[in-house]
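Inspection log for the structure reproduced underneath, given as structure tokens.
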Amino acid sequence: MRMNTFKIHHKNNLKPLNMKNLANYRKQLFFIGMSILFVSFYGCNPLKKMQKDLDKVKIKVVDDVLEVHADSINVYFDTYIPENYFHKKAIMKLDPFLSYKTDSIFMTPLLLAGEKVDLQSNKIPSSNVVPFKAGATVPYREKLRYEPGMKNSTIYLVGSYKIDSDYDELDNCICDVKKYMISEGVIATSQTVQPTETIGIAGSFTPTRIVANGVIYYENDKYIIKKGQTESKDFKLPFVLDPVFDLVIKEGYQIEGVTMHSQASPDGAFDRNEFLAKSRKSVSYAYMVKRLKAIGFEQVYDSGFYKRDQTYEDWEGLKQLISKSDLSIKEDILKIIASDLPLDEKEANIRKLGQWEVLAKTILPKLRKTEIAMTAKTIIRELSVLNALYKENKLDEFYNKQEVLYLAYNTKSLDDQAKLYTYYNEKYPDEYVGLNNLAGVHILKGQYDDALDILTKLNKKHPNTKEVLQNAGICYRIKGEYDTALYIYEKAAAAGADVRNNKGILYIKTADYELAIQSFEGDRYDYNRALAYTLKKDLTGAKNVLDKIDDKSAEDFYLRAIVGARSKDVDLLTTSLTRAIKLDGSIRQRAKEDLEFRNYWVKPEFENAIR
């Protein structure tokens with residue numbers, strides 16, 4: 001509220017003064033001056049009386065010590081005005097402000113008004129009217145965003161009175177109230193959340209398996225593979241073996257086994273087809289052993305390496321080929337194949353349909369074969385080998401993507417991780433893995449804007465990817481955009497990400513401590529989960545979590561000391577504080593200033609603990 005000073009305004013259209021006018025003018029000034037003196041003398045008296053009885057006005061702070069929750073300080077106090085105190089035309093202005101370091105932050109002033117004050121012109125809510133006879137208790141509720149440094153701050157309250165009047169000169173009737181300290185220091189334990197969110201690392205360095213398929217075709221009623229033979233003369237069906245042998249000599253793969261399945265077409269006598277299938281199994285095995293030996297394959301005589309079987313008459317294969325054909329009688333053939341007729345009758349009935357010659361030339365030759373499936377898995381070499389290649393800048397000699405990820409995951413240097421993930425992205429640009437993990441490195445470095453820039457672009461190219469969403473949620477949480485972070489975490493969870501720990505941390509920041517406890521995994525024993533219990537004032541739960549942390553840090557012991565202080569367990573406080581200081585000597589001074597321990601500062605037990 002602006003406090004104006006008294007001013008005399010002159011008009012430009014005054015008549016020229018003569019002696020008569022001058023005398024009249026002096027009379028007017030005399031009466032105006034007496035009026036001002038009268039109004040000022042009697043108008044200011046109520047303020048002086050209010051100021052004299054100022055001790056009757058009580059300011060009650062709701063919280064003994066202010067505490068940070070949801071990144072804010074709740075400045076709550078009640079102003080008690082006694083009976084027969086507040087003049088009906090008086091206005092009281094109370095200005096709370098927070099002082100820390102060299103800065104002062106002024107909050108919204110509290111305006112109290114007498115019963116006859118013009119509320120609209122003074123912009124005072126009706127709830128702040130103080131009746132003269134009854135008095136009133138007027139609450140003040142303000143949230144102040146917490147900033148680093150406010151922990152050692154002081155909140156003061158200063159104020160002034162004035163009379164609400166149509167006379168400008170009464171604006172001079174201002175009585176200042178002495179500065180009143182309503183709170184000193186802030187408990188900021190909620191701000192000690194550890195940035196231990198679970199970062200979404202994409203990709204896997206688990207060995208992957210691949211299968212190379214091949215096939216050897218045989219002529220009708222034959223099982224021999226001639227030297228140099230590369231195809232079956234029936235229908236000119238070429239052997240397909242290059243994928244199998246290429247896999248054997250390819251670097252970066254360990255061959256695990258070969259499956260060979262030999263079969264005969266379902267035409268002719270069953271006994272003959274049985275003999276052909278068994279013979280083809282034996283011949284193809286000998287053929288593969290010889291070929292593998294020629295290229296130096298070491299497991300060539302390992303009997304457990306080969307799996308062999310046969311199908312005497314491949315009716316299922318015939319069914320599949322007929323289904324894909326354009327034969328006019330294919331539906332009739334399929335009905336016969338699906339029937340319960342003996343096998344020889346099935347063949348006889350198919351022959352009766354006509355077009356047998358077409359089947360014999362175009363379809364049956366494809367069923368006289370040995371199918372080969374060679375299985376291999378990717379090789380991941382020892383870290384020492386990979387490290388040597390990396391230091392020599394020989395990344396192109398890595399066998400596969402798994403080796404890049406394996407080395408990056410086990411590399412402590414964030415700069416080296418960034419280089420490896422950048423290389424991964426250059427090598428496999430169509431994947432999201434490299435850039436997502438690079439964003440994770442930026443998060444660990446505290447470069448949240450850089451991380452978010454990468455993740456935003458990735459989300460457009462690879463929408464609803466769980467790791468991308470998970471990491472974006474971390475960035476928004478740290479930037480203080482909690483609603484956005486929660487929304488993205490929910491999307492990440494829907495995509496399959498485990499964001500329980502991340503949401504628990506977020507809920508601590510929003511002061512939803514019960515939700516935080518519910519969100520954390522039940523078997524998680526760490527600082528943040530214990531902090532959630534502490535802030536919820538479940539001190540037993542907090543201690544249980546802290547006691548189950550295997551390798552306690554200085555911060556874990558310090559929080560345990562806070563739990564001791566809040567639960568008035570002096571032994572828990574002192575033993576924990578001693579352990580914390582032993583691990584980190586800087587905690588000694590921190591404990592001397594932390595209001596969590598204000599009730600113990602002068603006690604011998606505390607002094608002994610911080611020695």
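Here the structure is a predicted model, which means the values were calculated and not measured.
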Quiz item: Yes or no on side-chain contact (heavy atoms from CB on, under 4.5 Å) for Leu98 and Ser104, after CA distance, side-chain angles and deciding distance?
Solution: CA-CA 5 Å; Leu98 180 141; Ser104 293; over 6 Å; no
Exercise. Would you name the heavy atoms of Val68 and Val186 that are closest together and state the gap between them?
Key: CG2-CG1, 3.4 Å
Quiz prompt | Ring centre gap for Phe205 and Tyr409 strictly below 6.0 Å | solution = yes
Exercise. Step by step, work out the side chain to side chain donor-acceptor pair (under 3.5 Å) result for Asp584 and Ser586.
Key: CA-CA 6 Å; Asp584 182 357; Ser586 67; 2.7 Å; yes
Self-check item: Any side-chain donor near an acceptor of the partner, Asp569 and Ser567, under 3.5 Å
Solution: no
Quiz item: In Å, rounded to the nearest 0.5 Å, how long is the span from CG of Asn502 to CD1 of Ile488?
Solution: 12.0 Å
Exercise. Find out whether the Lys NZ or Arg CZ of Lys461 is both under 6.0 angstrom from the six-membered ring centre of Tyr432 and within 45° of the ring's axis.
Key: no
Quiz item: Less than 4.0 Å between a side-chain N and a carboxylate O, is that true for Lys503 and Glu490?
Solution: yes
Quiz item: Any donor-acceptor pair under 3.5 Å linking the side chain of Asn410 with the backbone of Tyr406?
Solution: yes
Exercise. Calculate, to the nearest 0.5 Å, the distance between atoms CE and CD1 belonging to Met92 and Ile81 respectively.
Key: 4.5 Å
Quiz item: So, are Asp415 and Lys445 salt-bridged, with charged N and O less than 4.0 Å apart?
Solution: yes
Quiz item: Any side-chain donor-acceptor pair under 3.5 Å between Thr189 and Glu596?
Solution: yes
Practice problem: Among Asn74, Thr108, Asp78, find the one that has a side-chain hydrogen bond (donor to acceptor under 3.5 Å, both in side chains) with Arg141. | Solution: Asp78
Quiz item: Between Lys307 and Asp309, does at least one N-O distance fall below 4.0 Å, as a salt bridge requires?
Solution: no
Exercise. With the side chain counted from C-beta on, respond yes when Asn425 and Leu438 share a heavy-atom pair under 4.5 Å apart, and no when they do not.
Key: no
Quiz item: Say you draw a straight line from CD of Glu403 to OH of Tyr390; how long is it, rounded to the nearest 0.5 Å?
Solution: 15.5 Å
Self-check item: Note: Glu67-Arg566 ion pair, threshold 4.0 Å (strictly below)
Solution: yes
Quiz item: Can you check whether Leu395 reaches Leu420 side chain to side chain, under 4.5 Å on heavy atoms?
Solution: yes
Practice problem: Would you please test Gln402 and Ser204 for side chain to side chain donor-acceptor pair (under 3.5 Å) and show each step? | Solution: CA-CA 6 Å; Gln402 287 89 346; Ser204 171; over 6 Å; no
Exercise. Would you please test Tyr180 and Val158 for side-chain contact (heavy atoms from CB on, under 4.5 Å) and show each step?
Key: CA-CA 6 Å; Tyr180 176 68; Val158 296; over 6 Å; no
Exercise. Could you tell me whether the side chain of Ser519 and the main chain of Leu515 form a donor-acceptor pair under 3.5 Å?
Key: no
Practice problem: Evaluate the ring planes of Tyr558 and Phe597, with Trp represented by its six-membered ring, and classify them as parallel (under 30°), tilted (30 to 60°) or perpendicular (over 60°). | Solution: perpendicular
Practice problem: Test ring-ring contact (aromatic ring centres under 6.0 Å, His included) on Tyr533 and Phe520 and set out the steps. | Solution: CA-CA 11 Å; Tyr533 276 105; Phe520 284 121; 8.8 Å; no
Self-check item: Asn387 side chain to Ser384 side chain, donor-acceptor N/O pair below 3.5 angstrom
Solution: no
Practice problem: Decide yes or no for Asp396 and Lys427: does some side-chain heavy atom of the first lie under 4.5 Å from some side-chain heavy atom of the second? | Solution: yes
Self-check item: Test item: Asn471 side-chain N/O and Gly200 main-chain N/O as donor-acceptor pair under 3.5 Å
Solution: yes
Exercise. Tell me whether the guanidinium CZ or amine NZ of Arg381 lies under 6.0 angstrom from the six-membered ring centre of Tyr399 and within 45° of its axis.
Key: yes
Quiz prompt | Main-chain N/O of Leu506 paired with Lys509 side-chain donor or acceptor, under 3.5 Å | solution = no
Quiz item: Out of curiosity, Lys419 NZ to Asn393 CG, how far, rounded to the nearest 0.5 Å?
Solution: 9.0 Å
Exercise. Begin from the C-alpha positions of Val563 and Leu546 and carry the test side-chain contact (heavy atoms from CB on, under 4.5 Å) through to its verdict.
Key: CA-CA 10 Å; Val563 172; Leu546 288 165; 4.2 Å; yes
Self-check item: Interatomic distance, Ile454 atom CD1 to Gln447 atom CD [nearest 0.5 angstrom]
Solution: 9.0 Å
Quiz item: Is the count of non-hydrogen atoms from other residues, nucleotides or ligands lying under 6.0 Å from Arg524 atom CZ greater than 12?
Solution: yes
Quiz item: After noting the C-alpha distance and the side-chain angles of Lys457 and Asp453, does the key distance pass the salt bridge (charged side-chain N to carboxylate O under 4.0 Å, His left out) rule?
Solution: CA-CA 7 Å; Lys457 293 175 182 176; Asp453 182 59; 3.5 Å; yes
Quiz item: Any chance the rings of Phe606 and Tyr600 have centres within less than 6.0 Å?
Solution: no
Quiz item: If every non-hydrogen atom of Gly504 is compared with every non-hydrogen atom of Ala516, which pair is closest and at what distance?
Solution: O-CB, 3.4 Å
Self-check item: Asn213 side chain reached by Val244 side chain, heavy atoms, under 4.5 Å
Solution: no
Self-check item: Neighbour count >12 (heavy atoms, 6.0 Å) for atom OH, Tyr428
Solution: yes
Quiz item: Distance-only, no hydrogens or angles: does the Asp450 side chain make a donor-acceptor pair with backbone N or O of Ala439 under 3.5 Å?
Solution: no
Quiz item: Sub-3.5 Å donor-acceptor pair from the side chain of Gln194 to the main-chain atoms of Thr192, do we have one?
Solution: yes
Quiz item: Short question: side chain of Lys394, backbone of Lys391 - any donor-acceptor pair under 3.5 Å?
Solution: no
Quiz item: Could you go step by step and tell me if Asp498 and Arg500 meet the salt bridge (charged side-chain N to carboxylate O under 4.0 Å, His left out) rule?
Solution: CA-CA 6 Å; Asp498 185 353; Arg500 290 175 293 174; 2.9 Å; yes
Quiz item: Is there a donor-acceptor contact under 3.5 Å from the side chain of Trp601 to the main chain of Ala591?
Solution: yes
Self-check item: Spacing of CG belonging to Leu455 relative to CG belonging to Asn436, to within rounding of 0.5 Å
Solution: 6.0 Å
Exercise. Begin from the C-alpha positions of Lys143 and Val75 and carry the test side-chain contact (heavy atoms from CB on, under 4.5 Å) through to its verdict.
Key: CA-CA 6 Å; Lys143 285 184 180 290; Val75 181; over 6 Å; no
Quiz item: Does any non-hydrogen side-chain atom of Arg145 lie less than 4.5 Å from one of Glu147?
Solution: yes
Quiz item: Can a salt bridge be assigned to the pair Asp594 and Arg590 using a cut-off of 4.0 Å between side-chain N and carboxylate O?
Solution: no
Practice problem: May I ask you to check whether Tyr507 and Tyr482 place their ring centers less than 6.0 Å from one another? | Solution: no
Self-check item: Arg477 side chain vs Ile474 backbone, donor-acceptor pair below 3.5 Å
Solution: no
Quiz item: Just wondering, do His462 and Thr465 contact through their side chains at under 4.5 Å, heavy atoms?
Solution: yes
Quiz item: Any sub-3.5 Å donor-acceptor pair from Arg588's side-chain atoms to Arg611's backbone N or O?
Solution: yes
Quiz item: Does Arg560 come within less than 4.0 Å of Asp547, counting only side-chain N to carboxylate O?
Solution: yes
Quiz prompt | NZ or CZ of Arg529 within 45° of Tyr525 ring axis and under 6.0 Å | solution = yes
Quiz prompt | Non-hydrogen side-chain atoms of Ile508 and Tyr513 separated by less than 4.5 Å | solution = yes
Quiz prompt | Any Ser99 side-chain heavy atom under 4.5 Å of Tyr156 side chain | solution = yes
